[in-house]
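Each remark here refers to the structure printed beneath this line.
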Amino acid sequence: MYTALRLQRTLRRELKAGTVRITIMDPQSYMTYQPFLPETAAGNISPRHVVIPLRRVLPRVRVLNGRVSKIHHGERSLTFEPVAGEPIEISYDILVMAAGSISRTLPIPGLRDAAIGFKTIAESIALRNRVLGLLDRAESSTDPAVRSRALTFVVVGGGFAGIELLGELEDMAVDAVQYYSTIRREDMRWVLIEASDRILPEVGPEMGEWTAEELRGRGIELKMKTLLNSCEGGLVKTSDGDEFESATIVWTAGVKPSRIVNSGDLPLDERGRLMTTTRLTITGTKDAFAAGDVAGVPDLTKPGEYCAPNAQHAVRQAKVLGDNITASLRGRPLRDYRHRYAGSVAGLGLYQGVANVYGVKLRGFPAWFMHRTYHLSRVPTTNRKVRVLVDWTLSLFFKRETVSLGEIENPREEFRAAATPDKR
């Protein structure tokens, strides 16, 4: 989306004249601003306010919803599978690979069936409904085993996604239990499973340790240097010998490039990313570019290393990529992508956060305020900025909603029950 936004501006004359056409292919008709997913799961922001409709912000771009199953770059063509209908072959002149990343999983027994990821808006909404729905389940049961399973929540992975999600969901659940007569904060068990000896490595050891102490102070268990051995049927078994039941297991332990990188004849590196030059062209090819999590872009500020798979690099790469496409069409030299990592900010729930920006370390309310300010400035379009700001402003005066709408995941279930003949 960011690349197309750039091209809309730099190629406006060509687009108006009809000498250039831009097409985006994506299963969804929107882009998700992923840094806001934890706050969406906690109910601080409406889900519709963290997605940007492609057709609205890209009026000069054709948007096709579906998946690319095969790329034949040597022939400048690809196989596109629309949401409905037969696959079609589409030819192109210039290819941009920017499909992002998906969850990187491990062959852990039960993981595929018992766990959920945290990469999409659907997963964010489902997690919110699940946590609140399980509070309802526990309140409505007197069986200790049912209550214990419902009130035990597990997050695997101590990076940004896992820590922010854990902090936001726990904060929401603590707000919610005040409306339940038989559930107290002490009845809930929140567990983080992390394979290494530290969390939030992006903010540095000092801030990571402070975050760990903050979470422990809230009663959250941090199982460091611990592996998830299995979770079949929701029975969690960890490498430290612990074993317990949980109805909520969230996997945030890393990402890998989208599967689309394996669908064509483009070169890949040892990590399964597209081999990409500092000018964001795909190595050894012509008229093929890449950016974001699918691209292995050398980091010019750290010789021998690659740009981290995060939004900070992806957004900036997209702008350079758009400019380089325009330059190639006009016969101008391409420029290198160079950006020094500015730092990181993370929210840990309402009024709590941690930040390390250009060496300045903050925690608590100042970090939380910086986290919100930074991401408000980065979310695309004025429309979304205003809507997010309104959501936050309303939360200052009104308590957040703590109602599960889990039935939206199976909207026809009630109708099917009504349409089923009664058995006598």
Ignoring hydrogens and angles, state whether a donor on the side chain of [X] or [Y] is under 3.5 Å from an acceptor on the partner side chain.
X    : Y    : result
T301 : D299 : yes
T152 : S246 : no
D265 : H72  : no
H339 : Q312 : yes
N44  : R400 : yes
H371 : Q352 : no
Y33  : H49  : no
Y92  : D287 : no
K119 : S101 : yes

### Message
Given D323, which partner from the list R316, R332, R6 fulfils the salt bridge (Lys or Arg N to Asp or Glu O under 4.0 Å) test?
### Response
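Going through R316, R332, R6 one by one, the salt bridge (Lys or Arg N to Asp or Glu O under 4.0 Å) with D323 is satisfied by R6 alone.
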
### Query
Sequence neighbours excluded, which residues qualify as ring pair (Phe, Tyr, Trp, His ring centres under 6.0 Å) partners of F289?
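For F289 there are no ring pair (Phe, Tyr, Trp, His ring centres under 6.0 Å) partners, ignoring immediate neighbours.
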
### Set of residues satisfying ring pair (Phe, Tyr, Trp, His ring centres under 6.0 Å) with respect to W190, sequence neighbours excluded
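Ring pair (Phe, Tyr, Trp, His ring centres under 6.0 Å) list for W190, sorted by chain: F153.
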
If you compare all heavy atoms of [X] against all heavy atoms of [Y], which two are closest, and at what distance to 0.1 Å?
X    : Y    : answer
L300 : Y337 : CD1-O, 3.5 Å
D336 : V320 : O-CG1, 4.3 Å
I260 : A99  : CG2-CB, 3.6 Å
I125 : P47  : CD1-CB, 3.7 Å
E164 : P38  : CB-CG, 3.8 Å
L54  : M1   : CD2-CG, 3.7 Å

Donor-acceptor pair, distance only, cut-off 3.5 Å: does the side chain of [X] make one with the backbone of [Y]?
X    : Y    : answer
S344 : V203 : no
N324 : A327 : no
N65  : D26  : yes
S230 : E232 : no
T277 : T281 : yes
T226 : S239 : no
S263 : K70  : no
K256 : S103 : no
N410 : E413 : no
R330 : I325 : no

Enclosure of [X] [atom1] (heavy-atom neighbours >12, cutoff 6.0 Å):
X    : atom1 : answer
Q178 : CD    : yes
R416 : CZ    : yes
K319 : NZ    : no
E270 : CD    : yes
Y180 : OH    : yes
R67  : CZ    : no

Note, [X] side chain near [Y] side chain (heavy atom, < 4.5 Å):
X    : Y    : answer
T211 : L348 : yes
R56  : T381 : no
K225 : S196 : no
L64  : I24  : no
L228 : V236 : yes
R149 : F244 : no
M275 : I282 : no
K223 : E194 : no

### Task
Show your reasoning for whether side chain to side chain contact (heavy atoms under 4.5 Å, CB included) applies to T402 and V177.
CA-CA 9 Å; T402 54; V177 295; over 6 Å; no

How long is the gap from [atom1] on [X] to [atom2] on [Y], to the nearest 0.5 Å?
X    : Y    : atom1 : atom2 : answer
L58  : T23  : CG    : OG1   : 11.5 Å
H375 : M370 : NE2   : CE    : 11.5 Å
T3   : I22  : OG1   : CD1   : 10.0 Å
Q34  : T40  : CD    : OG1   : 11.0 Å
I220 : L166 : CD1   : CG    : 4.0 Å
T252 : I163 : OG1   : CD1   : 8.0 Å

### Message
Check this for me, if you would: do R363 and E214 make a salt bridge, where the nitrogen-to-carboxylate-oxygen distance has to be below 4.0 angstrom?
### Response
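No.
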
### Task
Check the pair L95, M97 against side chain to side chain contact (heavy atoms under 4.5 Å, CB included), reporting the backbone distance first and the verdict last.
CA-CA 7 Å; L95 176 68; M97 297 288 284; 4.0 Å; yes

### Message
Applying the side chain to side chain contact (heavy atoms under 4.5 Å, CB included) criterion to L11, which one of R9, E14, Q8 satisfies it?
### Response
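Exactly one pass, corresponding to E14.
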
### Task
I would like to know whether N229 and I108 meet side chain to side chain contact (heavy atoms under 4.5 Å, CB included); could you show each step before the answer?
CA-CA 6 Å; N229 287 343; I108 297 173; over 6 Å; no

### Task
Could you go through the salt bridge (Lys or Arg N to Asp or Glu O under 4.0 Å) check for R185 and E170 one step at a time?
CA-CA 10 Å; R185 168 62 186 89; E170 189 270 347; 3.1 Å; yes

### Task
Decide side chain to side chain contact (heavy atoms under 4.5 Å, CB included) for Y30 and R55; before the verdict, give the C-alpha distance in whole Å, the side-chain angles of both, and the deciding distance to 0.1 Å.
CA-CA 8 Å; Y30 55 81; R55 290 180 175 87; over 6 Å; no

### Message
Less than 6.0 angstrom separating the ring centers of W392 and Y351, yes or no?
### Response
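No, ring centres 6.0 Å or more apart.
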
### Query
So, is the end of the R372 side chain (NZ or CZ) under 6.0 Å from the ring centre of F36 and within 45° of the ring's axis?
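Not satisfied by the 6.0 Å and 45° rule.
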
